[in-house]
Amino acid sequence: MRVQLPLINAVHGRSALTCRFRCGDACFHPAPNTSSNPYVGDVIATALSRRSMMRAAAVVTVAAAAGTAGTVVTAPSAEAAQQVTGRPKPQGKAARGLRFTPVAPNTADTVTVPPGYAQNVVVRWGEPILRGAPAFDPEKQTAAAQAGQFGYNNDFLALLPLPGEHGRQVLVANHEYTDEVLMFRGYDAAAPTREQVEIAWAAHGLSAVVVEANKKNGALTVVPRHHLNRRVTATTEFRLTGPAAGSELLKTSADPTGRKVLGTLNNCSGGTTPWGTTLHGEENFNQYFANGGRATDKRYGIGTGASERKWERFDQRFDVAREPNEVHRFGYVVELDPYDPSSAPRKHTALGRFKHEGATVRLTHDGRPVVYSGDDERFDYFYKFVGSKRMKHGSGRAVREHNLSLLDEGTLYVARLTGDSPALEIDGTGKLPADGEFDGSGEWIPLATATAKGAVSHVEGMSADEVFVFTRLAGDKVGATKMDRPEDIEPNPRTGKVYVALTNNTNRGVGAGAPADEANPRNANKHGHILELTERWNRADSTKFAWTLFLVAGDPEDPATYFAGFPKDDVSPISCPDNVAFDPHGNLWISTDGNQLGSHDGLFGVATRGERRGELKQFLTVPTGAETCGPLVQDRRVLVAVQHPGEISGATVENPASTWPDGPGKIVRPAVVAVWRKDGDDIGL
């Protein structure tokens, strides 16, 4: 029996509290993209015919992903497509890495894991990680204390090796945003105090903390006061690097050079680099700024009045009317060197400015970096950066400095997709087109190229600086394809195929919203889907690709859902895919945000290859009001960031909606959780 979650906003599945603090109620404002670009429903609109009466699925299958030379593989006949989407369940065991008993959908106020698995809380908000930081006391918070403690609302997670220290790794976490009403007793949103604001500044940013594995089980614990432990906050000094650094668009009264900026905000997902650093995407940065009014402000969702947190009352840099260029210094990909706590983190302007959900890296055949990133907004775009410099191997300082500059030179592209079915076959219900799948081809449209000697714009009417600072407008001008909230984008390290999580878009086909198309086959799309992209010749630097819809989320009993053709009577229901990751076997792991099926968000594993392709199983659920973030899947351990537990409309410190992780009478705290098999064997084997 399905239970309806309380106090959830029907627009997108998040609580009103989540909308308020994470993204400034973005979904309640008109979509910032008012360009005339065809929506992925108009341009791509290529598919949708009657669907087979089978409970098969609603969206793609596998063919186009194997396309050669950027073209789509010849589509199967409708009869063949029915056989594919309704194929019999394979016999035998699940795919390696997914051999566990699925967790049933639930609304328990805890982290629920499969039978035979155990868990521990690795680190909570407020735990001291730096030398001299005090123990956490929710009634005696200070900015100085928080600057030495683990930050709030952990999102992206990375684990890096620590040579010479057996059993230890460096854990890096994003701290996306703060829930002041859940942090401070008696919080008055209309009149925050300076102390509360400065604590919030210190609770944003990043944490790097060494963790140690328990020798008897899979638990991880913090090593406090380790010399690599570090906090990066909203007031830490950053370097602006790349082609726009020093631009007139980035100069402020506090920084006339346009090359230094204080802090990083709303870091959502991220990635790790082959040269041993971490990347962090600045997402909903717009909500921290007040009194915008320019056309560029509107395109980035910057409001014309006061901000939610009222930071502009305590620092004029958050007031666009007083400091117009400060907002141009946020919305980038941040790079952190976890092995050098004294180094200044970098904001890479060459990767463009938009609401970066994250940034993930693969190398070209000759060792150059390619970075994928999505712009998490309704009807916005996804991008690729192809570097021009090769990564060097080694550990010397010169090698390190070279590799830290790799993301400053290269070409930034935006995606344009085209479907291969007639537009008349689209009806918005998710029915398969006549050719039996939702698929097509695509191209990467160049926006600008940065070199050591300067940068060149490929967009008519825009300078290179304008392209890198107003990247959304550049995408508008070249006719990029409007997508349904492109979030995490990750290449499969085993196959090279790239997976794009499209969380949802309830405006699709509603009112003046663009209608369904081949890449977005459902109107009022509240559950989201996942696109599988194959670069031409499987070369990361290709400018052509093929695409297919791999998964269309929702209740498997809904005929408009699809699980890569796997029989739907044996998969877990899933809604609102957000972050994705891969396990050592090449399975795709999906965390959700805003589940619209009445149960809590969770983490799911799905096979991407072989006869069990599309078999999706739920591995865990998170507590009341929480979102599943930052999944990491190792051989013998799974890590998740449990973000914003208790974030339910009306909840406060005095009236909590969750008692996780420490039980009744304790303040609710975001935290990182590790999960392992009780018998010590590998995950899912």
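Of the possible donor and acceptor atoms, none in the side chain of Ser207 sits under 3.5 Å from a partner among the backbone N and O of Arg231. At least one donor-acceptor pair under 3.5 Å links the side chain of Arg368 to the backbone N or O of Gly387. Remark: side-chain polar atoms of Arg168 are not paired, donor with acceptor, to backbone N or O of Leu162 under 3.5 angstrom. For Thr628 (side chain) and Gly602 (main-chain N/O), a donor-acceptor pair under 3.5 Å exists by modelled atom type. A distance-only check finds no donor-acceptor pair linking the side chain of Asp319 to the backbone of Glu312 [under 3.5 Å].
Ion pairing between Glu401 and Lys389 fails under the 4.0 Å rule for side-chain N and carboxylate O. Under the 4.0 Å criterion applied to side-chain N and carboxylate O atoms, Asp340 and Arg400 are not assigned as salt-bridge partners. A salt bridge links Asp376 with Arg485: at least one charged nitrogen is closer than 4.0 Å to a carboxylate oxygen. Using a 4.0 Å cut-off between a side-chain N of Lys or Arg and a carboxylate O of Asp or Glu, Lys355 and Asp380 do not qualify as a salt bridge.
Atom CZ of Arg390 has 12 or fewer neighbouring heavy atoms from other residues, nucleotides or ligands inside a 6.0 Å radius. Atom NE2 of His365 sits in a crowded spot, with more than 12 heavy atoms from other residues, nucleotides or ligands closer than 6.0 Å. Heavy atoms from other residues, nucleotides or ligands lying under 6.0 Å from NZ of Lys260 number 12 at most. The neighbour count for Arg225 CZ, taken as heavy atoms of other residues, nucleotides or ligands under 6.0 Å away, does not exceed 12.
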Please tabulate, for the side chains in residues 215-223, all donor-acceptor contacts under 3.5 angstrom to protein atoms that are two or more places apart in sequence or on a different chain.
residue: Asn217; atom: OD1; partner: Ala219; partner atom: N; Å: 2.9

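Here the side chains of Phe330 and Tyr288 are not in contact, with every heavy-atom distance at 4.5 Å or above. Within the 4.5 Å cutoff, side-chain heavy atoms of Tyr152 are placed close to those of Leu182. Put simply, the side chain of Thr193 does not reach to within 4.5 Å of the side chain of Phe184, judged on heavy atoms.
A distance below 6.0 Å separates the ring centres of Tyr499 and Phe582. Between Tyr117 and Phe619, the distance from one ring center to the other falls under 6.0 angstrom.
Within the model, atoms OG1 of Thr277 and CG of Leu336 stand 8.0 Å from one another, a figure rounded to the nearest 0.5 Å.
Stacking of Arg362 on the aromatic ring of Tyr372 is not recorded, the 6.0 Å distance cut-off and the 45° axial limit not both being met. Under a cutoff of 6.0 Å and an axis angle of 45°, Arg329 and Phe238 do not form a cation-pi pair. Judged by the 6.0 Å and 45° rule, Lys347 forms no cation-pi pair with Tyr332.
By the salt bridge (charged side-chain N to carboxylate O under 4.0 Å, His left out) test, Glu357 is found to be paired with no residue, residues two or more places apart in sequence or in another chain being considered. For Arg259, there are no salt bridge (charged side-chain N to carboxylate O under 4.0 Å, His left out) partners two or more places apart in sequence or in a different chain.
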